[in-house]
Amino acid sequence: MSILVYIRNVGGQLKKQSLELTAYAKAMADTLNLEVTGLVIGTIADDELKKLGNYGMSRLLKADDEKYNQRVNRVYTRIVEQAVNEVDAKYILFPDNAQGKAIAPRLSVRLKAGFIPQVLDLPSSYEPFTVKKRAFTGKAIATVTAHTERVILTPMLNSFGLRENARDLEIQSFEPHIEEPNSRLELVGKQLSEEGLQLADADIVVSGGRGMRSSENFALLEELAATLGAATACSRPVADDGWRPADEHVGQTGKIIAPNIYFAIGISGAIQHVAGVSGAKCIVGINSDPEAPIFEVADYGMVGDAFQIIPELNALFKKHIH
Ligand code: FAD
């Protein structure tokens, strides 16, 4: 029996979330006296994969035929299912992102396994399997129990953290038997977002709302982000109006992030926005309206004009950081 971790292959690179997921699985494995096995699909170098050993993974199955480089959820689900059977996995972990959300429910149906998304903590019990999860877009925490033989989880980013726990990692080639061709879906194009620090990986996020007034004014936030080594984000109307790229939109209908520091600048703090950032360890609200709802959730607040405050903050940070 083992714990299987789905490792996301991002163009031959690992993301922090996979290391975190491995550390989470290792903590479960230590309690249950099990091994952590990973599965990665598509081409990726062993040197990159070895990082997983630092967080407690002891075995990794690699389905690296290049025909799998293009993710087709239906095919990936079959590959994971075969890996589950290969290693007799009782617990299967996916990242809580678009990929996890696409594959985990499909797998849950095929395996008749309980599926618990948006997990916030380590299980409090294994018999029966009980864990805390996010509910109602982050406004509540539910404690749920799965009574199935197998359980699928998607732990949320930053809910556990990175804990090193070095193991010798054995990387094995895995050849799934996929009879169906990938013909139901055809990729007709791909548009990669611009290079830069990815939101999900960022420790610091500088985010702007409609209070920034125009697309051009976001240059101020980009400068601040560059000083802090931060990623940039925005509220939904800002993305809807095309001031910022759609993949920067955070909130109920956008990305859910949990950085260490989140700067909400010219953002009112509507519940739908806060739903995407309530996991941040520290929220700094900057708003000219002292009654703005962002101040109800902010750990630090600055009331004033962003166009005055941001250049001053940036100069201060520059002085102290560089
Ligand atoms: P506004 O509400 O217009 O706020 C602008 C803020 O800037 C104000 O508080 C104002 O005081 C401040 N301001 C103005 N000038 C300055 C200045 N010079 N300096 C400092 N501050 C200034 N929204 C999201 O963000 N993410 C979501 O995922 C999302 N999902 C939604 C889902 C549904 C079903 C619905 C109905 C809505 C959703 N929304 C979402 C929209 C959400 O309700 C709000 O309308 C939106 O978040 C408001 O964006 P904002 O704060 O940028 O703009």
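Just follow the structure's listing: the first ligand is 1, and inside any ligand the first atom is 1. Not measured: the values here are computed from a predicted model.
For the ligand labelled ligand 1, residue Val238 lies outside the 4.0 Å heavy-atom shell. For Met212, the heavy-atom gap to ligand 1 stays at 4.0 angstrom or more. In this structure, Gly304 has a heavy atom closer than 4.0 Å to ligand 1. The closest approach between a heavy atom of Ile271 and any atom of ligand 1 is not below 4.0 Å. Remark: distances from the non-hydrogen atoms of Pro237 to ligand 1 include one below 4.0 Å.
Interatomic distance, CZ of Phe94 versus CD of Gln17, reported as 12.5 Å (0.5 Å rounding). Between atom CG of residue Leu52 and atom CE of residue Met57 there is a gap of 4.5 Å, rounded to the nearest 0.5 Å.
Closest to atom 16 (C) of ligand 1 by heavy atom, among Pro290, Cys234, Ser288, is Ser288.
Residue Gly254 approaches ligand 1 through these ligand atoms, each under 4.0 Å from one of its heavy atoms: 28 (O). Heavy-atom contacts of Asp305 reach the following atoms of ligand 1: 17 (C), 18 (N), 19 (N) (cutoff under 4.0 Å). For ligand 1, the atoms sitting less than 4.0 Å from at least one non-hydrogen atom of Gly209 are 52 (O), numbered in the order shown with element in parentheses.
An N or O contact shorter than 3.5 Å links Ala306 to ligand 1 by distance. Looking at ligand 1, you'll find an N or O of Gly266 within less than 3.5 Å of one of its N or O atoms.
For atom 43 (O) of ligand 1, the nearest protein heavy atom (residue, atom name, distance) is Gln272 OE1, 2.8 Å.
Other residues, nucleotides and ligands place more than 12 heavy atoms under 6.0 Å from the CD atom of Gln172. Other residues, nucleotides and ligands contribute only 12 or fewer heavy atoms inside 6.0 Å of the CD atom of Glu175.
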